[in-house]
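Okay, so here's the structure we're looking at.
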Number of protein chains: 2
Amino acid sequence: MNLTIAEENYIKSIFKLQEGTETVSTNAIAYELDTKPASVTDMAKKLKEKKLIDYEKYHGITLTAEGKKIALQIIRRHRLWECFLVDKLSFSWEEVHELAEELEHVRSEKLTTRLSDFLGNPTTDPHGDPIPDAQGKMNKIRSLQPLDKAAAKRLEVAAVNDQSTALLEFLNAKGIRLGTQIEVIERYEFDNSVEIKIKNQPAFTISEQVSKNILVRPL
Amino acid sequence: MNLTIAEENYIKSIFKLQEGTETVSTNAIAYELDTKPASVTDMAKKLKEKKLIDYEKYHGITLTAEGKKIALQIIRRHRLWECFLVDKLSFSWEEVHELAEELEHVRSEKLTTRLSDFLGNPTTDPHGDPIPDAQGKMNKIRSLQPLDKAAAKRLEVAAVNDQSTALLEFLNAKGIRLGTQIEVIERYEFDNSVEIKIKNQPAFTISEQVSKNILVRPL
DNA sequence: AATAAAGTTTAGACAAATCTAAATATTTTG
DNA sequence: CAAAATATTTAGATTTGTCTAAACTTTATT
Ligand SMILES: [Mn+2]
Ligand SMILES: [Mn+2]
Ligand SMILES: [Mn+2]
Ligand SMILES: [Mn+2]
């Protein structure tokens, strides 16, 4: 299957949007890829032709089994490159998404395998997201909850929901990274903000916007 | 300067073909890039518009100073990735050119700098070619001669002229790699073949085709 | 110097990926 | 359920990169 970079980006977005929902809408894909709905419709026809998606006019899009397999390969490459950039080249977690967005399109199974070996076959990327293995098997990390919904008082940061530089830089500034242990001091119902404390630091409050994007596991 | 991958590939080819010669011909570029002369003419107009080449209809192409600068950046990225693949991921020298052909197009100065640091700022790639530094300065591999023209009897392999898998696999089979020390036993005028000997191995003969692509320095 | 050969450019076409504006279908709402 | 709102598709352009075939220019040959 010979795919263009554009086709790969569509496949990846559809996979991402498909989590949970039945079918994915034209508008949702357009928003995700920062393009126009008309362009999505055009691409939908091409991907249907290549049997990578199921698509009926006006009735949404889903990946076929083949489409999912390809999506997982792209995600694997993306996340392995992110690991490489952080672990080997000392990039910080907010810098790597954009670069991985390009590196992920170098399609070579041998390269992917060797890169993974070189990195010690990591199972999560610098944002806490799971890395599919060579067979496309990916651990669902569903013992994770967003911080704004977590019940326990003592928690550990396991992943972030949002890769935006803005959020990640905010977390850097607050000293929050993967593995950071958090104690919930207080939850304010009024605006759903949370007062938290990190070891050796004064307590501070974070907004709902932030806390819903921090995925935690109870300690 | 925002360049497409196609534009970068043209710039790089023109740079390569420009060595020595005055101007580069449409046909030469077409052959190098495995495309058609008409396509080269089309691209020449675009690159002239962007002031990366000097070009007058029917009178050949040369890179401008800006064009050369960009070419050297691409070559730097290409050769650094080749080093990475060989030194860190254990690829062999005949496998890396194709992959580097794609990786070279990820344009990030920070990535390039960090990759270079990670590799110990190498000055030559796995084929013996010099790597331009961050300022675009590249050591001319002076004092290197093709084996078919070298005068001395005792020589060291310093680079290869041809990146083709066919040649590199042939050299692998014969135990010839960068740094290999060669003793010239005999030169046969009839077909310009050379009988050579490598330490701990029986002597063997290589054709002119091969020997002109092995660059050596006298020991 | 005239002609042949080789090299280069133009004209016109096509595929991929995108867009805007208009048309059409689906969904929501009073 | 009909009208309004929202979502989606189509029609028609545009940009980039490519091609073939024909025209043109330069160069080599007799
Ligand atoms: Mn991408
Ligand atoms: Mn990630
Ligand atoms: Mn390339
Ligand atoms: Mn090389």
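Within the 3.5 Å criterion, the main-chain N or O of A:Ser90 finds a donor-acceptor partner in the side chain of B:Arg114. For the pair A:Arg79 (side chain) and A:Asp125 (backbone), a donor-acceptor distance under 3.5 Å is absent.
To the nearest angstrom, P of C:dC19 lies 11 Å from CE of A:Met43. Rounded to a whole Å, the NZ atom of A:Lys36 is 11 Å from the P atom of C:dA21. The NZ atom of B:Lys50 sits 13 Å away from the P atom of D:dT15 (whole-angstrom rounding). A:Ile29 has its CD1 atom 13 Å from the C1' atom of D:dA7, to the nearest Å. Here the C1' atom of nucleotide D:dT15 and the CG atom of B:Asn2 are 15 Å apart, to the nearest Å.
Judged purely by distance below 3.5 Å, without hydrogens or angles, the side chains of A:Ser25 and A:Asn27 never pair a donor atom with an acceptor atom. Looking at B:Glu66 and B:Thr64, their side chains never bring a donor and an acceptor atom within 3.5 Å of each other.
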Nucleic acid footprint by protein, nucleotides 3-16 of chain C - heavy-atom cut-off 4.0 Å, B for base, S for sugar-phosphate alone: ----BBBB-----S

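Figure legend: A:Lys88 and B:Phe84 shown without cation-pi pairing, the cationic atom not lying both under 6.0 angstrom from the six-membered ring centre and within 45 degrees of its axis.
Checked for salt-bridge contact, A:Lys12 and A:Glu32 miss the test: no charged N lies under 4.0 Å from a carboxylate O.
Within the 4.0 Å cut-off from OP1 or OP2 of D:dC19, at least one side-chain nitrogen or oxygen of B:Thr35 is found.
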